[in-house]
Amino acid sequence: MDEHLRVALPASAAWVRLGDVLCARSARACCADGTCARSASARRADDLAARYPGALVVAVHHGRHCWVRLGPAGGALYLRARPGRAVPRALWPAWASLAHAWLAAGLPVRDLAGPTPGPGPVVSLLGRGRQAVQVRARPARVG
């Protein structure tokens, strides 16, 4: 079982520093083809990952698009909602948590990419990240 703290941004700096998974919405409006939102989301995800290196997963989304940074050297995923499908409010945060559980289990990042069954988003692996990402173990909770 994977336990992690997911923090929705904006949040207080104390919570953000503790977050294993950070989720934010891109402030950039989407152009017709989505490229503006993708590049703004990618930059914000990279900035957040650099600023908060303790977060294993950083997801920044805008509408039908989501950029997910994986670990300090784990590469990135680009997720795009399927055309004609509604985008549930919890979709991108849920995918960020799934990515954390996947990495914590030691599964290869490359297996996160590709077609997803049913109404799930289309997932593309970008950059590095063909191998598993090492995850630091947290001490077990006592009591």
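The two atoms that bring L48 and A24 nearest to each other are CD1-CB, 4.3 Å, heavy atoms only. Residues R69 and G75 approach most closely at NH1-O, 3.3 Å, considering heavy atoms. Across every non-hydrogen atom of C23 and A96, the tightest pair is SG-CB, 3.8 Å. For the pair V7 and G19, the tightest heavy-atom approach, listed with the atom from each and the gap, is CG2-CA, 3.8 Å.
A side-chain donor-acceptor contact under 3.5 Å links W102 to the backbone of P108. Checking side-chain atoms of R64 against main-chain N and O of V87 turns up no donor-acceptor pair under 3.5 Å. Remark: side-chain polar atoms of R17 are not paired, donor with acceptor, to backbone N or O of Y52 under 3.5 angstrom.
Tested against W67, the residues V58, D46, L79 include a single side chain to side chain contact (heavy atoms under 4.5 Å, CB included) partner, D46. Across L56, V57, L5, a single residue satisfies side chain to side chain contact (heavy atoms under 4.5 Å, CB included) together with V21, and that is V57.
By the 30° and 60° cut-offs, the orientation of the rings of W92 relative to H61 is tilted.
Counting heavy atoms from C-beta on, the side chains of H65 and S41 never come closer than 4.5 Å.
Atoms SG and CG, from C66 and L91 in turn, are 8.0 Å apart once rounded to the nearest 0.5 Å.
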Q. Yes or no on side-chain contact (heavy atoms from CB on, under 4.5 Å) for L22 and V60, after CA distance, side-chain angles and deciding distance?
A. CA-CA 8 Å; L22 304 179; V60 177; over 6 Å; no
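Side chains of S26 and R44: no donor on one and acceptor on the other come within 3.5 Å.
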